[in-house]
Amino acid sequence: MKKILIATVAVMAMAVQGAPTARPAAAPVADHVKTGVREISPGAKDANHVLVVNVGGAVDETVFREAATYSISKLAINVWTNSVTSFDAAALVGDPGLMGRTFGDKAKVGVFLVKSDGAPRFLCVPGAWCRVNMVGLDSDSPDAQTLKDRVAKMVLKGLAYAAGAGASLDARCSMFFGGGTLEGLDKIGIRLSPGVYFPMLETLGRVGGHEIVTRQE
């Protein structure tokens, strides 16, 4: 009888509480690219690192430097940047050694920013590289700050995908599942939630050892 009474009370409590409410839409996160952040150490390229590459001017060079540096400053991992006139990142699918031959064997994981009409937004081999299509980020003529913020978030998205991370339920995270449109992208933060960041570190550690998960100072 006691068990029946407890079960009845539990059911009544659930009825009073009602069904779970739908998750609210993400509110804008106040997070913007700022100047004066920690610069990338010149020694980063000499240790195992994640390489972020601006290919063929996919992003204005000044915007790329500011946005990439700011987003990277938030991470305690070893990252280097580069800009090249051309690189066929998709060719890495059939030739995994192409990245090392082009950028050196210390480049263990690559994030390649490209601009290609009709191509997918992300093309990835988790644990190796991610090609991020930047086309359309400026299609609504955003102001300079908004564009830099968008680029910074896309850099973090590419890095997370390259390291095998997935979507996040945290609206403050650049990997938030609702950040797939320009409107959604503008609402999320320039940061990675612990649920994305720590699994990413595990993958990077397997690929590049202690060097790649230790920020070079």
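This is a predicted model, so every value here is computed, not measured. Just so it is clear, the values below take in all heavy atoms, side chains as well, and ignore hydrogens, waters and symmetry mates.
Within the model, atoms OG1 of Thr62 and NZ of Lys148 stand 9.5 Å from one another, a figure rounded to the nearest 0.5 Å. Rounding to the nearest 0.5 Å places CG of Leu75 at 5.5 Å from CE of Met200. From Leu159, atom CG reaches atom SG of Cys130 across 9.0 Å, with rounding to the nearest 0.5 Å. Considering SG of Cys124 and CH2 of Trp129, their distance stands at 7.5 Å, rounded to 0.5 Å. To the nearest 0.5 angstrom, Leu92 atom CG is 8.0 Å from Thr102 atom OG1. Leu147 contributes atom CG, which lies 11.0 Å from atom CD of Glu66 (distance to the nearest 0.5 angstrom).
What you find for Ile188 and Cys173 is that their closest heavy atoms are CB-O, 3.6 Å. Pairing each heavy atom of Ser174 with each of Lys157, the nearest pair is O-NZ, 2.9 Å.
Between the side chain of Asp149 and the backbone N or O of Val33 there is at least one donor-acceptor pair closer than 3.5 Å. Lys153 places a side-chain N or O within donor-acceptor distance of the main-chain N or O of Leu185, the cut-off being under 3.5 Å. Although no hydrogens or angles enter the test, the distance criterion places a donor-acceptor pair under 3.5 Å between the side chain of Thr203 and the main chain of Ala163. Remark: the backbone N or O of Ser116 is paired with a side-chain donor or acceptor of Asn133 at under 3.5 angstrom. The closest donor-acceptor contact from the side chain of Lys115 to the backbone of Gly57 lies at 3.5 Å or more, if one exists at all. Of the possible polar contacts, one joining the Ser71 side chain to the Ala68 backbone as a donor-acceptor pair under 3.5 Å is found. Between the Glu61 side chain and the Val59 main chain, no donor and acceptor come within less than 3.5 Å of each other. Looking only at distances, no side-chain donor or acceptor of Thr85 sits under 3.5 Å from a matching main-chain atom of Gly56.
Contact annotation: the side chain of Arg101 approaches that of Leu98 to within less than 4.5 Å [non-hydrogen atoms, C-beta and beyond]. Using a 4.5 Å heavy-atom threshold, the side chains of Val79 and His49 count as separate. Side chains of Glu39 and Thr69 form a contact here, defined as non-hydrogen atoms less than 4.5 Å apart. With contacts defined as side-chain heavy-atom distances shorter than 4.5 Å, the pair Ile72/Thr81 qualifies. Two residues are said to be in side-chain contact when any heavy atoms from C-beta on lie closer than 4.5 Å; Val52 and Phe64 meet this criterion. Side-chain atoms of Leu182 and Ser139, non-hydrogen and from C-beta on, do get closer than 4.5 Å to each other. By the 4.5 Å heavy-atom criterion applied to side chains, Leu192 and Met175 are counted as neighbours.
Among Val50, Val53, Ile40, the one residue that satisfies the side chain to side chain contact (heavy atoms under 4.5 Å, CB included) test with Trp80 is Ile40. Among Asp138, Asp186, Asp143, the one residue that satisfies the salt bridge (Lys or Arg N to Asp or Glu O under 4.0 Å) test with Arg150 is Asp186.
In this view, Arg206 satisfies the side chain to side chain donor-acceptor pair (under 3.5 Å) rule with no residue, not counting sequence neighbours. Judged as a ring-ring contact (aromatic ring centres under 6.0 Å, His included), and not counting sequence neighbours, Tyr197 has no contacts.
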Audit row: Lys74, Asp31, side-chain contact (heavy atoms from CB on, under 4.5 Å) steps and yes/no: CA-CA 12 Å; Lys74 301 225 167 190; Asp31 198 356; 3.3 Å; yes

Apply side-chain contact (heavy atoms from CB on, under 4.5 Å) to the pair Met134 and Val151, showing each step before the final yes or no. CA-CA 8 Å; Met134 309 296 280; Val151 172; 4.1 Å; yes

For a side-chain contact (heavy atoms from CB on, under 4.5 Å) check, start with the C-alpha distance between Val155 and Tyr70, then their side-chain angles and the critical distance, and finish with the verdict. CA-CA 10 Å; Val155 168; Tyr70 180 72; over 6 Å; no

Report the C-alpha separation of Phe177 and Leu169 in whole Å, then their side-chain angles, then the decisive distance to 0.1 Å, and conclude whether the side-chain contact (heavy atoms from CB on, under 4.5 Å) test is met. CA-CA 7 Å; Phe177 71 91; Leu169 294 175; 3.8 Å; yes

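Environment of CZ in Arg172: sparse, with no more than 12 heavy atoms of neighbouring residues, nucleotides or ligands closer than 6.0 Å. Annotation for Glu183: atom CD does not count as buried by contact number, only 12 or fewer foreign heavy atoms lying within 6.0 Å.
Using modelled atom types, one finds no donor on one side chain facing an acceptor on the other under 3.5 Å when comparing Asn78 with Glu211.
Ring-plane geometry between Phe87 and Phe103 is classed as perpendicular, the angle between the planes exceeding 60 degrees on a 0 to 90 degree scale with a lower cut at 30.
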